[in-house]
Amino acid sequence: MDNDESFNERLMSRRGWRSEFRAAWALSIKTWQIELSYPLSILWFILMPFLWLIPMVLAGSAVSSGANSASLADMTGISDWITYVAIGTALMGLIISTLWGTGMTLRREQNVGTLETLFTTPVGRTTFIWGNGLHNIQHGGLGVILQLGASILIFGVTINAWGIFPALAVVALLVIGMQGVVYAVASIVLVAKQGWMLVEFLGSTLVLLAPLSYPLAVLPPLLQMAAAGSPLSWGADAFRNSLVFGLAAPGLIQSMLMMLLLDAVYLLVGGIVYKTTHRWVRSRGALAQF
Amino acid sequence: MTVVETTGDEGDLSADHTEFKVRSLDWSISKLIALKNLRIALRYPANIIVWGIIPLLWIAPYLLMMTAIGGSAGNTYFSEISGFDDFIRFVVIGWFVYMYVDNSIWGIGNTFRWEQFSGTLEPLFLAPVPRISILLGGAFSDSVQTTISALVLLAFSCLLFGVTYSVTMILPVIIVLLLMLFALFGFGFMLAGLIIVFKDPSVLTELVDAVVFTVTPVNYPIEVLPKYAQVLSYLMPATLAIGIIRELTMTASFEPGSYLLGVLGLLSLLALFWAVGLAVFRYAEHWTKERGSMGGF
């Protein structure tokens, strides 16, 4: 009994980043275990990056007779359109995995009947979100590596090895910024419950406004202005330029500074929205409602 | 008292039970299921409209990418390989038809999985009615919803991208769409069987959708696919249907010979998909029931 009491006391008095990180890591591993228990998930995980890229490459080859595009070179300085599209869309898996996987975390727990149990544990409320975020960074990150590897082997895409280091820094900044969006998505789910439609809309809009497979110059001026407020727009260009031009990537520092600024704003606003929503939903006793 | 009237040799069974005959296909059940689904769908009318708008966000990246890569010369090259002069019109009508393919994969294929999530799968399976009739009912209601969403998509695309199509060919277009739709029902039955066996619908559905989307000439002409993928593509009813519908709506010309050939091709695929779909579904149902895993997640 004494042991039980001391264990419970220790459990309830747990504090600090280390214990939150341990909880987040446990959540991340738990999600891997669930995903890997479905054999088809593994197959989808391996094939997904190619299945997204191939239709893009086919659509591009319907309007271009070769591997180079004069029009794209004029706008971006990169004439090899397959390299341009392959590197840009590699980020798509990471973004979608983060938005859907992390944003819908609470809804998934609710569907399987574990949300309230999870909320009775002495773990920080935001840890549930970034714990799953940790999983999705691993999941999406492996997808990026798989897609880039396949693009190099199958489509002859070339990358500058020195650019891998700044590209990793860009991905880190991007993930931090997206965490703010994820908090907003989790808030939508807490209030609207079946918030997948809003998540779909938000995710698709972010992808539309980002230069993943086309430069922002082809967007209408109003959308170009909106794109400047998304960390994904800055991140996609900086990621690709790093991998194509290496350490001398044009506009890299400017993009990273902008991402730092946007990350701070997104995280602050997202965090406040999530905490306020969480408190509001609990005060109405609507946490477990479907 | 009704109970007293029906007691006797049949015990407490009512006339509904004693006169009930098991049929291999019961249209009245399909109608009931379709009406039930439509009633639920009408509770959320925004869903149907939104599903007509969200695909715009999926079409736009393809169009923007093709514009960026092709530049001013893009349409010339596209015209050389596809025979059509405007890739934006080409892509929009492709997506309009593909909405039905998406429906056969996400709607019909997942019918029983949605029932499972709602907790109504096992009660539904206890009812002495053919499972195919239930699936068919779901297919009818999904098709009605998809038609509304596809029309919303077409209307918004015409407004946003400034594209126009010939409406004089509406009747042959409807015939082709219906044939494709019925052929896709068979495809949906096959998927429903696979989902009963493999359970996790999101992954299987995503996988099938991604492969079908890649081999179907929605955003690009079939000529850009490798030869083996072209063969696979022609096995999909949507490939033939998209080709015929593009010809009718973009050129406004009707060639009876090639049209009839296309219709015959669709009829053959319809027969093939129903035969394979029903066989796969029945085998999957039998396999799952034998293992007692029908209600498992």
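Chain A is the first sequence line, chain B the second, and so forth, proteins listed ahead of strands; every chain is numbered from 1.
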Trainee: Could you name the residues of residues 211-235 of chain A that have a heavy atom within less than 4.5 Å of a heavy atom in chain B?
Mentor: A:S213, A:Y214, A:P215, A:V218, A:L219
Trainee: Taking heavy atoms only and a threshold strictly under 4.5 Å, list by residue number the residues of residues 96-104 of chain B that touch chain A; give 'none' if the list is empty.
Mentor: none
Trainee: Starting from the C-alpha separation in whole Å, work towards a yes-or-no answer on side chain to side chain donor-acceptor pair (under 3.5 Å) for A:N132 and A:T31.
Mentor: CA-CA 7 Å; A:N132 264 287; A:T31 312; 3.0 Å; yes
Trainee: Give the minimum heavy-atom separation between B:Y62 and A:P55, together with the two atoms involved.
Mentor: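 Shortest heavy-atom contact: OH-CB, 3.4 Å.
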Trainee: Using a cut-off of under 4.5 Å on heavy-atom pairs, state which of A:G60, A:A59, A:A70, A:A73 scores highest against chain B.
Mentor: A:A59
Trainee: Check the pair B:Q145, B:L38 against side-chain contact (heavy atoms from CB on, under 4.5 Å), reporting the backbone distance first and the verdict last.
Mentor: CA-CA 8 Å; B:Q145 293 174 64; B:L38 284 174; 4.2 Å; yes
Trainee: Looking only at heavy atoms, which of residues 214-233 of chain B get nearer than 4.5 Å to chain A?
Mentor: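 Listed by number, the contacting residues are B:T214, B:N219, B:Y220, B:P221, B:V224, B:L225.
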Trainee: Does CZ in A:F201 sit with more than 12 non-hydrogen atoms of other residues, nucleotides or ligands closer than 6.0 Å?
Mentor: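 Counting other residues, nucleotides and ligands, CZ of A:F201 stays at 12 neighbours or fewer.
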Trainee: Where does B:L207 contact chain A at under 4.5 Å (heavy atoms): side chain, backbone, both or neither?
Mentor: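 Its backbone and side chain both get close to chain A.
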Trainee: Below 4.5 Å, heavy atoms only, C-beta onward: do B:I242 and B:R246 meet side chain to side chain?
Mentor: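 Side-chain contact under 4.5 Å: yes.
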Trainee: Using non-hydrogen atoms and a limit below 4.5 Å, what part of residues 75-87 of chain A faces chain B?
Mentor: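 So the qualifying residues are A:M75, A:W81, A:V85.
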Trainee: Between B:I54 and chain A, with a heavy-atom cut-off of 4.5 Å, which part of the residue counts as in contact: side chain, backbone, both or neither?
Mentor: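 Side chain only.
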Trainee: Under a 4.5 Å cut-off applied to non-hydrogen side-chain atoms, are A:S71 and B:I69 in contact?
Mentor: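 SC-SC contact between A:S71 and B:I69 ruled out.
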Trainee: Looking at every non-hydrogen atom in both residues, tell me the closest pair between A:S61 and B:Y77 and how far apart they are.
Mentor: O-CE2, 3.3 Å
Trainee: With a 4.5 Å limit on heavy-atom distance, are the side chains of A:M178 and A:Y266 in contact?
Mentor: no
Trainee: Are any non-hydrogen side-chain atoms of B:R89 and B:V92 less than 4.5 angstrom apart?
Mentor: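 Result no, sub-4.5 Å side-chain heavy-atom pair not found.
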Trainee: The test is side chain to side chain donor-acceptor pair (under 3.5 Å); show your working for A:S204 and A:E200 and say whether it passes.
Mentor: CA-CA 6 Å; A:S204 299; A:E200 178 71 58; 3.2 Å; yes
Trainee: For B:F156, I'd like to know if atom CZ has over 12 heavy atoms of other residues, nucleotides or ligands within 6.0 Å.
Mentor: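 Incorrect, the count does not exceed 12.
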Trainee: Less than 4.5 Å apart, any side-chain heavy atom of B:W95 and any of B:L154?
Mentor: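 They are not in contact (no side-chain heavy atoms under 4.5 Å apart), so the answer is no.
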Trainee: Sort out for me which of A:L58, A:T205, A:L208, A:L72 touches chain B most, counting heavy-atom pairs under 4.5 Å.
Mentor: A:L58
Trainee: For the residue pair B:M180 and B:L240, establish whether any side-chain heavy-atom pair is separated by less than 4.5 Å.
Mentor: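 Heavy-atom side-chain distance check fails, nothing below 4.5 Å.
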Trainee: If the plane angle is over 60° it's perpendicular, under 30° parallel, otherwise tilted; pick one for B:F87 and B:F78.
Mentor: perpendicular
Trainee: Would you say the rings of A:W52 and B:F213 are close, in the sense that their centroids are separated by under 6.0 Å?
Mentor: no
Trainee: Quick one, B:F281 and B:I196 - any side-chain contact, counting heavy atoms below 4.5 Å?
Mentor: yes
Trainee: Just wondering, are more than 12 heavy atoms of other shown residues or ligands nearer than 6.0 Å to CZ in B:F84?
Mentor: yes
Trainee: Would you say the side chain of B:T146 lies within less than 4.5 Å of the side chain of B:W106, judging by non-hydrogen atoms?
Mentor: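 Counting from C-beta outward, B:W106 and B:T146 never come under 4.5 Å.
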Trainee: In terms of heavy-atom pairs under 4.5 Å, which option from B:A210, B:A60, B:A68 contacts chain A the most?
Mentor: B:A68
Trainee: Please report the C-alpha distance between A:Q138 and A:L142 in whole Å, then the side-chain angles of each, then the deciding distance to 0.1 Å, and finally whether the side-chain contact (heavy atoms from CB on, under 4.5 Å) criterion is met.
Mentor: CA-CA 6 Å; A:Q138 299 160 32; A:L142 276 172; 5.6 Å; no
